[in-house]
Amino acid sequence: MVWTLVVPVKPLALAKSRLARGAGEGARAGLALAFAVDTVAAALACAAVRDVVVVTGDPLAGAELTALGARVVAEPGGPGGLNDALAHGARSVRSGRPDAAVATLNADLPALRPGELARVLDSAAEFPRAFLADAAGIGTTLLAAAPGMELAPAFEGHSRARHRGSGACEIGLAGVESVRRDVDTEEDLRAALALGVGPRTAAAVGASAGAHGAWGGRLMRQGPADGAQPHEAPAAERSAPCAD
């Protein structure tokens, strides 16, 4: 099964507010864009991904991600927030391809590896709806709906529990840390750097190191050695069974 991914990107001026304390406002927006660029680039390189639809109202993010090969859909109007944006993106996909397999993917996965994403999506294909919890075990980084199934996103906050409660099956694969490692805080970013981030994020962190010496230097010291790659776990690992 191949998938269309729906990736939400909020306006860069509002994104990643918890990184602003160390990085500063200007660097924060640049990091948010870098995360999205590396996430979408890795997703487009994944063998299990047919295409990527980005839902955003930010013109700079839209232009950069279009240049990578993503299709950009404008955010829906109104106060609906992230879940409405994701549902809107899924509807836009299925308006042209009603039988499409659709999955959402967070835009802040700068260490994302195409091979790990493929393993997650292959596991998701075993279930009508499935999700992957984030590294903290509280949120969700990916939610998938097989052809004919509604996506029914329930993101933000304790979304792992909400998605499980909605009947989606939790994917229990080990060795897919790059798909779980979303970045909201400095600690998260250090963990992503230890996995090995994409080139755009590496450049943005390097620029921050120059502009914000103590903060950037702290992050750079936490990063992997040049050329380091995260461990790829065996493909034989399977998804965890659905909770009753």
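Each residue takes its place number in the sequence, starting with 1.
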Using atom types as modelled and distance alone, determine if a side-chain donor or acceptor of [X] lies under 3.5 Å from a backbone N or O of [Y].
X      : Y      : result
Asp134 : Thr141 : no
Arg180 : Thr140 : no
Thr201 : Gly198 : no
His88  : Asp84  : no
Asn106 : Asp108 : no
Thr39  : Leu109 : yes
Ser92  : Gly89  : yes
Arg113 : Gly196 : yes

To the closest 0.5 Å, what do you measure between [atom1] ([X]) and [atom2] ([Y])?
X      : Y      : atom1 : atom2 : value
Asp58  : Thr56  : CG    : OG1   : 5.0 Å
Phe127 : Met149 : CZ    : CE    : 13.0 Å
Leu143 : Ser166 : CG    : OG    : 7.0 Å
Arg119 : Leu132 : CZ    : CG    : 10.5 Å
Leu31  : Arg28  : CG    : CZ    : 9.5 Å
Leu193 : Glu186 : CG    : CD    : 10.0 Å

Is there a side-chain contact between [X] and [Y], using heavy atoms and a 4.5 Å cut-off?
X      : Y      : answer
Val73  : Arg71  : yes
His163 : Phe155 : yes
Thr104 : Pro8   : no
Leu142 : Leu117 : yes
Glu75  : Pro11  : yes
Val2   : Val49  : no
Leu33  : Arg200 : yes
Asp51  : Trp3   : no

Locate the shortest heavy-atom distance separating [X] from [Y]; write the atom from each residue and the value.
X      : Y      : result
Ala43  : Leu112 : N-CD2, 4.1 Å
Val55  : Ala74  : CG1-O, 4.3 Å
Ala100 : Val93  : CB-CG1, 3.8 Å
Asp188 : Asp182 : CB-O, 3.6 Å
Ile171 : Ser123 : CG2-CB, 4.1 Å
Val183 : Ala192 : CG2-CB, 3.9 Å

Decide whether [X] and [Y] are clustered together by the hydrophobic rule: side chain heavy atoms of Ile, Leu, Val, Met, Phe, Trp, Tyr closer than 4.5 Å, transitively.
X      : Y      : result
Val197 : Val205 : yes
Val179 : Leu44  : yes
Leu86  : Leu105 : no
Val72  : Val6   : no
Val102 : Val53  : yes

Ion pair Arg129/Glu150, N-O distance below 4.0 Å = no
Test side-chain contact (heavy atoms from CB on, under 4.5 Å) on Arg160 and Ile138 and set out the steps.
-> CA-CA 6 Å; Arg160 179 187 188 183; Ile138 295 170; 5.9 Å; no
If you measure only the distance, is there a donor-acceptor pair under 3.5 Å linking the side chains of Arg97 and Thr4?
-> yes
